[in-house]
*Asks:* 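Please see the structure below; I have some questions.
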Amino acid sequence: DRALDNLRPSADASNPKKVFWIGFTIIFFCWLPIFLAYYPGLFAYDVSTQIGEVVSGGLTNRNPLTHTLFLGGFYLLGGALGSHTAGIAMAVLAQMLIMAAIFARLLCHLAILRAPRVLRWLSLLLFALLPVHSVMAVSCTKDTLFCGLMLLFVMRLHQLSRDPGLLRNKRWFALTLGIVALICLLRNNAFFGIALCIPLGFLIVPRGSRIRLVALVLGALTVYFGCDLAVKALVNASGISSTELVSVPSQQMSRVYALRHE
């Protein structure tokens, strides 16, 4: 009977702050051994190129400038303190803190929904112990923070589906707008997918809230384009945001060509 009780939602909602801090602490400390094993962090994909641009001063927009400057800022800080390696380690630790907080926020979301305790504990163990989460948390690739923000965005879409009135909440509206803008800043081609949220949103919000939904998406894209142009001008970066849009399809076509002619 006790096992069955654990599968049922609690009669009283859990304390969200308590759920958040417990989840955050467990996840972060479970990731620390992976961080120490791969100290100062994993370099994959375009990280070497991004650090190279920072060192040479020839910044481009081939990779998202926001992420390049994030890594580069910590790299240069470490150099100023006497160790570039320590700078990268600080960037990875900052990323681990952010990702642990995002996963803890999801646990908090499940608690607010009064999800079964078994589901919440299994989710916590999944985030803390599944290797893909810990390894990506210590990887310097732009994909980690991008996916974390996308998870936050999906949570907020779920909130919106349950309570369309959130679009009238100024704090919720502004925070969601900021999250969407950051998503675009961390992936040069993300704004295409975000734009598709308008027709998707029409399916989950009533007619009276659709104008506010459109305002949210268009506002986020406006902030993104404005910040992208401003940062690009500030650091005198070359290249255009659409470069990344065709990079993956080009690689796929090249791979298919190579396979057909082996």
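Every value quoted in this text rests on a predicted model; they were computed, and no experiment measured them.
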*Asks:* Whether the Asn63 and Lys142 side chains hold a donor-acceptor pair (N or O, under 3.5 Å, no angle test) is what I'd like checked.
*Replies:* yes
*Asks:* Just to verify, what does Trp21 make a ring-ring contact (aromatic ring centres under 6.0 Å, His included) with, not counting sequence neighbours?
*Replies:* Phe24
*Asks:* His158 vs His109 aromatic rings, parallel, tilted or perpendicular, using cut-offs 30° and 60°?
*Replies:* perpendicular
*Asks:* When Leu149 is tested against each of Ile183, Ile98, Val154 for side-chain contact (heavy atoms from CB on, under 4.5 Å), which residue passes?
*Replies:* Ile183
*Asks:* Please check if the side chain of Ser139 supplies one atom and the backbone of Val135 the other of a donor-acceptor pair under 3.5 Å.
*Replies:* no
*Asks:* Can you check side chain to side chain contact (heavy atoms under 4.5 Å, CB included) on Leu32 and Met96, steps first, answer last?
*Replies:* CA-CA 9 Å; Leu32 278 180; Met96 290 168 62; 4.1 Å; yes
*Asks:* Do the side chains of Phe127 and Val132 join up, straight or via other hydrophobic residues, at under 4.5 Å, putting them in one cluster?
*Replies:* yes
*Asks:* Ignoring hydrogens and geometry, is there a side-chain-to-backbone donor-acceptor pair from His67 to Arg187 under 3.5 Å?
*Replies:* no
*Asks:* In this structure, are over 12 heavy atoms from other groups packed under 6.0 Å from Leu36 atom CG?
*Replies:* yes
*Asks:* Do Val55 and Leu71 land in one hydrophobic cluster if side-chain heavy atoms of ILVMFWY residues count as linked below 4.5 Å?
*Replies:* yes
*Asks:* Are Leu59 and Leu69 packed together at the side-chain level, in the sense that at least one heavy-atom pair is separated by less than 4.5 angstrom?
*Replies:* yes
*Asks:* Just so I know, are the side chains of Ile27 and Met99 near enough to count as touching, which here means a heavy-atom distance under 4.5 Å?
*Replies:* no
*Asks:* Over all heavy atoms of both residues, which pair between Thr141 and Gln95 is shortest? Give the atoms and the distance, please.
*Replies:* O-OE1, 4.1 Å
*Asks:* Hey, is the main chain of Ala111 close enough, under 3.5 Å, to the side chain of Arg120 for a donor-acceptor pair?
*Replies:* no
*Asks:* Measuring from Thr49:OG1 to Arg62:CZ, what's the distance to the nearest 0.5 Å?
*Replies:* 5.0 Å
*Asks:* Identify, with sequence neighbours excluded, every residue that meets side chain to side chain contact (heavy atoms under 4.5 Å, CB included) alongside Leu126.
*Replies:* Leu130, His133
*Asks:* Who passes ring-ring contact (aromatic ring centres under 6.0 Å, His included) against Phe20, sequence neighbours left out?
*Replies:* none
*Asks:* Treating Ile, Leu, Val, Met, Phe, Trp and Tyr as nodes and any side-chain heavy-atom pair under 4.5 angstrom as an edge, say whether Phe146 and Leu175 lie in one connected cluster.
*Replies:* yes
*Asks:* Are any non-hydrogen side-chain atoms of Arg105 and Ile102 less than 4.5 angstrom apart?
*Replies:* no
*Asks:* Find out whether Ile88 and Ile51 are in side-chain contact, i.e. whether some heavy atom of one side chain is under 4.5 Å from a heavy atom of the other.
*Replies:* yes
*Asks:* Tell me the closest heavy-atom pair linking Leu65 and Ala237, and the distance in Å.
*Replies:* CD1-CB, 3.7 Å
*Asks:* In Å and rounded to the nearest 0.5 Å, what is the CG to SG distance from Leu125 to Cys30?
*Replies:* 8.5 Å
*Asks:* Can you name the residues that form a ring-ring contact (aromatic ring centres under 6.0 Å, His included) with Phe153, not counting sequence neighbours?
*Replies:* none
*Asks:* Closest heavy-atom contact between Pro16 and Cys108?
*Replies:* CB-SG, 3.3 Å
*Asks:* Cluster question for you: counting only ILVMFWY and a side-chain heavy-atom cut-off of under 4.5 Å, with indirect links fine, are Leu129 and Tyr38 together?
*Replies:* no
*Asks:* Considering residues, nucleotides and ligands other than Phe173, do more than 12 of their heavy atoms fall under 6.0 Å from its CZ?
*Replies:* yes
*Asks:* As an exercise, state the distance from NZ of Lys232 to OG1 of Thr60, rounded to the nearest 0.5 Å.
*Replies:* 9.5 Å
*Asks:* Any non-hydrogen side-chain atom of Leu166 less than 4.5 Å from a side-chain atom of Thr176?
*Replies:* no
*Asks:* Taking it one step at a time, do Ile194 and Tyr224 satisfy side chain to side chain contact (heavy atoms under 4.5 Å, CB included)?
*Replies:* CA-CA 11 Å; Ile194 295 299; Tyr224 155 64; over 6 Å; no
*Asks:* Nearest 0.5 Å, please: how far is CG in Leu113 from CD in Gln159?
*Replies:* 8.5 Å
*Asks:* Excluding sequence neighbours, so at least two apart, what forms ring-ring contact (aromatic ring centres under 6.0 Å, His included) with Phe35?
*Replies:* Tyr39
*Asks:* Please give me the minimum heavy-atom distance between Val54 and Gly72, naming the atom from each residue.
*Replies:* CG2-CA, 3.7 Å
*Asks:* Check the hydrophobic clustering (I, L, V, M, F, W, Y; side-chain heavy atoms under 4.5 Å; chains of links allowed) and say if Leu97 and Ile22 are grouped together.
*Replies:* yes
*Asks:* Report yes if the side chains of Arg212 and Leu216 come closer than 4.5 Å at any heavy-atom pair, otherwise no.
*Replies:* no
*Asks:* When rounded to the nearest 0.5 angstrom, what distance separates CG in Asn61 from CG in Asn188?
*Replies:* 5.0 Å
*Asks:* Would you say His84's side chain and Tyr75's backbone share a donor-acceptor pair under 3.5 angstrom?
*Replies:* yes
*Asks:* Can you give me the closest heavy-atom contact between Ala94 and Phe74, atom names plus distance?
*Replies:* CB-CZ, 4.0 Å
*Asks:* Considering only heavy atoms from C-beta outward, does the side chain of Ser123 approach that of Leu106 to under 4.5 Å?
*Replies:* no
*Asks:* Nearest 0.5 Å, please: how far is CG in Leu145 from CG in Leu186?
*Replies:* 6.0 Å
*Asks:* For Asp163, give me all partners under salt bridge (Lys or Arg N to Asp or Glu O under 4.0 Å), at least two apart in sequence or on another chain.
*Replies:* none
*Asks:* Contact between Val231 and Thr66 at the side-chain level, heavy atoms closer than 4.5 Å - yes or no?
*Replies:* no
*Asks:* If you compare all heavy atoms of Thr68 against all heavy atoms of Glu53, which two are closest, and at what distance to 0.1 Å?
*Replies:* CG2-OE1, 4.3 Å
*Asks:* Parallel under 30°, tilted from 30 to 60°, perpendicular over 60°: which one fits the rings of Trp31 and Phe103?
*Replies:* perpendicular
